[in-house]
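Residue numbers start at 1 and run along the sequence shown.
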Amino acid sequence: MQTTTLIKLFTETHVAHLYEHFVAYHLHMSLKTKRLIEYIDYEYSAATYGGYVLLDITASPANMPLIVNTVQTLGLDFRDDEISSALSILALEEDSKLSGEILRIKEKLNEVHGSDWIHLDDIGILPVGTQGLHETRRQKFSTLNVVSEPVAAAPINVNFVLQPLDAYDVQRDFPLFQLMTNILHDNIGHELIWLHQMYFTEGLVYKKAQSVVNQSVYLSHHTDDGSRERILATCSKAVAYLLNLGFSQRFAQYLRDVSYDEHGNAPKEEDMVRSFHILVGGRGWRSMADANLIQPMIKNMVIEVQDDNATSRLSLQELCK
């Protein structure tokens, strides 16, 4: 696997942060149309420091040129409704509302988008100020300003649940379940955040009664029956797409290729130690590389969308028909 870091330079922190969210979602969707599966074929993370947008990409040598080219040629329209949605996501992340004129925001986003992505290898030493690349004596951002209003938010849990536990081998199947559902969470997370204006806070894996749960916790502006069902529908659609791509076979191939050498693509060993007090090495993962082991496990999983009031559920067996 190879890693590269790209950077864009801008002058306004909040606009750069807004642009980061546009890139994170639309890059995921663009690579999805190319039939790439996040974590199996590539990984990326985006971050904003001052006015800099950084994009870290990890991929195989075969996939890296395609992904970098996709980043550099990514088409973004900055529709009014998407700008409003992205502002709602930022409000949850920063716990502060942001205000500004949509037309002005759109102009600035297009300005960022029109600038080049630069390889971090080509960057020298840059200051990271609280207001962006170029510090000024003005104490306000010219495009987006923080509004001193509370942000209404409530937690929503998106769970993958495996049961019954007595049908599984703890040392083999629990790590396999966690890794597989980590991948599923990665691939649905961008869509949940963007389409439902949510913000990811943490991931948890735990045993509960006769089940094991891989949980992603989000903050949301909305918690009601309709919101839960819409979120569940997004999860269902995203997972069904992965299954139609031959997820079981491609995940099995990923496990066959696992290596902890310098250029390996292995899972983080501390994840399984923390969750199940089990250390899995490369040979252990390769022993699980069997679609006939993976597919029945998928069929026994349930997706749950859970808020403080109720839980909506969907059996993945319904998506495997």
Side-chain angles (χ1 to χ4, degrees), residues 17-39 43-46 48 55 70-71 74-94 97-98 102 105-106 109 113 151-160 181-203 214-245 247 302-307 309-314 316 318-319:
H17 194 181
L18 199 65
Y19 181 77
E20 173 207 321
H21 279 273
F22 270 89
V23 170
Y25 171 69
H26 287 285
L27 177 59
H28 165 78
M29 295 304 292
S30 183
L31 295 175
K32 184 175 176 178
T33 65
K34 295 172 172 57
R35 302 177 66 84
L36 297 182
I37 298 177
E38 190 168 350
Y39 197 107
E43 290 186 85
Y44 72 93
S45 62
T48 302
L55 192 62
T70 301
V71 172
L74 194 62
L76 297 175
D77 292 334
F78 304 119
R79 299 195 319 261
D80 291 3
D81 60 324
E82 286 197 319
I83 291 174
S84 296
S85 294
L87 287 172
S88 295
I89 297 165
L90 256 64
L92 291 171
E93 182 175 351
E94 299 186 3
K97 291 185 179 180
L98 300 170
I102 291 291
I105 295 169
K106 189 178 299 187
L109 286 170
H113 191 53
V151 177
I156 286 187
N157 302 328
V158 177
N159 305 329
F160 284 96
T181 49
N182 282 351
I183 294 172
L184 294 175
H185 274 305
D186 281 352
N187 279 273
I188 66 176
H190 295 292
E191 296 172 48
L192 292 179
I193 289 169
W194 190 259
L195 298 176
H196 302 281
Q197 295 85 59
M198 292 159 50
Y199 174 62
F200 174 79
T201 61
E202 63 176 335
N214 191 336
Q215 178 178 88
S216 284
V217 182
Y218 295 86
L219 288 177
S220 174
H221 293 287
H222 311 288
T223 54
D224 54 54
D225 292 348
S227 294
R228 279 195 317 276
E229 293 301 324
R230 287 189 293 272
I231 292 168
L232 186 62
T234 297
C235 293
S236 173
K237 184 177 179 181
V239 172
Y241 179 83
L242 291 171
L243 297 179
N244 288 334
L245 287 181
F247 177 79
V302 173
I303 306 176
E304 295 180 341
V305 178
Q306 181 182 65
D307 60 26
N309 301 313
T311 302
S312 299
R313 294 181 176 87
L314 174 71
L316 291 195
E318 297 180 28
L319 304 181

If you take all heavy atoms of [X] and [Y], which pair is closest and at what distance?
| X | Y | result |
| --- | --- | --- |
| I37 | L245 | CG1-CD1, 4.1 Å |
| Q197 | S85 | NE2-OG, 3.3 Å |
| S312 | R228 | OG-NE, 3.3 Å |
| I83 | F78 | CD1-O, 3.7 Å |

Measuring from [X]:[atom1] to [Y]:[atom2], what's the distance to the nearest 0.5 Å?
| X | Y | atom1 | atom2 | answer |
| --- | --- | --- | --- | --- |
| K97 | L90 | NZ | CG | 14.0 Å |
| D307 | S220 | CG | OG | 9.0 Å |
| I156 | S216 | CD1 | OG | 12.5 Å |
| E191 | C235 | CD | SG | 9.0 Å |
| I188 | L242 | CD1 | CG | 9.0 Å |
| T48 | L55 | OG1 | CG | 10.5 Å |

Between [X] and [Y], do the side chains contain an N or O donor and an N or O acceptor separated by less than 3.5 Å?
| X | Y | answer |
| --- | --- | --- |
| H185 | Q215 | no |
| T311 | E304 | no |
| H196 | T234 | yes |

Do [X] and [Y] make a side-chain contact, defined as non-hydrogen atoms from C-beta onward lying under 4.5 Å apart?
| X | Y | value |
| --- | --- | --- |
| V302 | L316 | no |
| Y218 | L92 | no |
| L87 | I105 | yes |
| E38 | I183 | no |
| R313 | V305 | no |
| Y199 | I193 | no |
| Q306 | V158 | no |
| M198 | I89 | no |

Could you give me the CA-CA distance, side-chain angles and deciding distance for N214 and N182, then say whether side chain to side chain donor-acceptor pair (under 3.5 Å) is met? CA-CA 8 Å; N214 191 336; N182 282 351; 2.9 Å; yes
Salt bridge D77-R79, side-chain N to carboxylate O under 4.0 Å: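 Result for this pair is no, no salt bridge flagged.
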For atom NZ of K237, decide whether the heavy atoms of other residues, nucleotides or ligands shown that lie under 6.0 angstrom number more than 12.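 12 or below, so no.
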Test item: Y241 side-chain N/O and K32 main-chain N/O as donor-acceptor pair under 3.5 Å: yes
Under 3.5 Å: donor-acceptor pair, side chain of N157, backbone of N159: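 It does not hold such a pair.
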Show your reasoning for whether side-chain contact (heavy atoms from CB on, under 4.5 Å) applies to E82 and L76. CA-CA 10 Å; E82 286 197 319; L76 297 175; over 6 Å; no
Pick one: which of F200, Y25, F22, Y44 meets ring pair (Phe, Tyr, Trp, His ring centres under 6.0 Å) with H190? Y44
Determine whether the aromatic ring centres of residues W194 and H26 are separated by less than 6.0 angstrom.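 Distance test on ring centres: under 6.0 Å, yes.
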If you apply the rule side-chain contact (heavy atoms from CB on, under 4.5 Å), what do you find for S236 with L319, and how did you get there? CA-CA 8 Å; S236 173; L319 304 181; 3.4 Å; yes
